[in-house]
Engineer: 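Here it is, the structure, as structure tokens.
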Amino acid sequence: MGTAFPKSVSTLVVLCLLGLFPHPAQSTPGSWYQDDLVCKASVIAIIEIRNQQMIPWEIKVVGERGDVPTLLTVYDSLVSKVIKGKIPENPCIAQLDGAGDLSPFEKGRYLAFLEKSGYFYFPLVTSFKITGDQVHWYTKPFRHGDYGPYMGLVPLEQALSDINAILNEKKK
């Protein structure tokens, strides 16, 4: 049996289902350039996904289709390091299934790029999984005008260095 979610998370999920909290139309990652990804994310952090819970949800869609049934996946997660932005130690990370082409998070550690909406943090991408001291990341810089992306396992410290270099460059 999995880890139970805190009652406060369950209560907020119910409020979200009732439409009392906003939610984004989840981003489609497409071909993210590194600098765009770093700048778009309101939060960049190293997280551990410990469990997930899928909840049926009706979302409002503009047009003739009306309410569209989907699943909201809520992740039990723990933040071990924040690189950009502010996020609680146990954030409510959520993902709308069928909105975008993101794969669901599996249990494990990730370099997460998140967008905050109401109480929830929605992932921009879900592919930067950490294994030991390596992360699935860009093996070559991927900026506007570059061919790629070239992806593979690189040292986590290199990925963090790449992100910090972009953040420092944007401050100038």
Side-chain angles (χ1 to χ4, degrees), residues 2-3 5-6 9 12 21-53 72-172:
T3 305
F5 284 89
V9 171
L12 284 164
F21 284 98
H23 56 78
Q26 196 150 350
S27 307
T28 303
S31 294
W32 280 104
Y33 292 104
Q34 282 174 295
D35 49 350
D36 288 346
L37 183 60
V38 169
C39 292
K40 171 75 174 162
S42 56
V43 173
I44 303 171
I46 296 175
I47 62 169
E48 179 185 352
I49 300 295
R50 300 183 296 192
N51 203 356
Q52 69 181 33
Q53 179 178 351
L72 176 71
T73 303
V74 180
Y75 297 99
D76 176 20
S77 58
L78 179 66
V79 174
S80 61
K81 181 175 184 168
V82 178
I83 295 102
K84 176 186 175 188
K86 293 183 181 182
I87 189 169
E89 184 180 4
N90 297 101
C92 189
I93 296 175
Q95 187 175 355
L96 289 172
D97 293 344
D101 58 358
L102 298 179
S103 300
F105 281 121
E106 299 172 354
K107 286 184 181 182
R109 292 177 60 221
Y110 289 85
L111 179 55
F113 293 79
L114 306 167
E115 183 176 357
K116 188 174 190 316
S117 180
Y119 182 76
F120 294 109
Y121 293 83
F122 290 88
L124 297 175
V125 293
T126 57
S127 55
F128 301 125
K129 188 163 187 177
I130 299 170
T131 306
D133 63 351
Q134 305 267 315
V135 62
H136 182 84
W137 184 248
Y138 302 91
T139 57
K140 292 182 175 183
F142 185 52
R143 307 252 178 127
H144 289 277
D146 291 343
Y147 292 107
Y150 298 99
M151 309 293 288
L153 286 177
V154 301
L156 178 58
E157 289 305 316
Q158 178 60 49
L160 296 176
S161 176
D162 292 349
I163 292 166
N164 284 321
I166 293 167
L167 289 172
N168 290 333
E169 182 180 299
K170 296 298 177 184
K171 284 181 185 176
K172 294 179 182 178

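As the structure is a computational prediction, the values presented were derived from the model and not from experiment. Along the sequence shown, residues carry numbers from 1.
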Engineer: Which atom pair, heavy atoms only, marks the closest approach of A159 to V135?
Structural biologist: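 So the two residues come closest at CB-CG1, 3.7 Å.
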Engineer: Exactly one of Q52, R50, Q53, K107 should register a side chain to side chain contact (heavy atoms under 4.5 Å, CB included) with D76. Which one does?
Structural biologist: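 Option passing the side chain to side chain contact (heavy atoms under 4.5 Å, CB included) with D76: R50.
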Engineer: Check whether any side-chain N or O of Q95 sits under 3.5 Å from a backbone N or O of S103 as a donor-acceptor pair, and report yes or no.
Structural biologist: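 Yes, because the side chain of Q95 sits within donor-acceptor range (under 3.5 Å) of the backbone of S103.
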Engineer: Are any side-chain N or O atoms of K116 and backbone N or O atoms of S42, one a donor and one an acceptor, separated by less than 3.5 Å?
Structural biologist: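 Looks like no, no N/O pair under 3.5 Å.
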Engineer: Between P123 and A94, which heavy-atom pair has the shortest distance, and what is it?
Structural biologist: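 Closest approach of P123 to A94: CD-O, 3.2 Å.
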Engineer: Would you sort out whether N90 and L78 count as a side chain to side chain contact (heavy atoms under 4.5 Å, CB included), showing the intermediate values?
Structural biologist: CA-CA 5 Å; N90 297 101; L78 179 66; 3.6 Å; yes
Engineer: Restricting to non-hydrogen atoms, name the atom on H136 and the atom on F128 that form the minimum distance, rounded to 0.1 Å.
Structural biologist: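 Minimum heavy-atom separation between H136 and F128: O-CD2, 2.9 Å.
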Engineer: Restricting to salt bridge (charged side-chain N to carboxylate O under 4.0 Å, His left out), what partner residues turn up for E89, sequence neighbours left out?
Structural biologist: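 Listed in chain order: nothing, the list is empty.
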Engineer: Got a donor-acceptor contact below 3.5 angstrom from the K84 side chain to the F113 backbone?
Structural biologist: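 Side chain of K84 to backbone of F113: no pair is present.
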Engineer: Measure the acute angle between the ring planes of Y75 and F105, then classify it against the limits of 30° and 60° as parallel, tilted or perpendicular.
Structural biologist: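 Geometry flag for F105 against Y75: perpendicular rings.
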Engineer: Quick one: pull up OH in Y110 and NZ in K129 and give me the separation to the nearest 0.5 Å.
Structural biologist: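 Here the rounded value is 4.0 Å.
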Engineer: Looking at every non-hydrogen atom in both residues, tell me the closest pair between T139 and G152 and how far apart they are.
Structural biologist: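 Minimum heavy-atom contact is CG2-N, 3.5 Å.
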Engineer: Sort out for me which residue in L153, I130, V154 forms a side chain to side chain contact (heavy atoms under 4.5 Å, CB included) with W137.
Structural biologist: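 Testing W137 for a side chain to side chain contact (heavy atoms under 4.5 Å, CB included) against L153, I130, V154 leaves exactly one candidate, V154.
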Engineer: Grab the two heavy atoms, one from C92 and one from V74, that are nearest each other, plus how far apart they are.
Structural biologist: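 Reported closest heavy-atom pair: SG-CG1, 3.6 Å.
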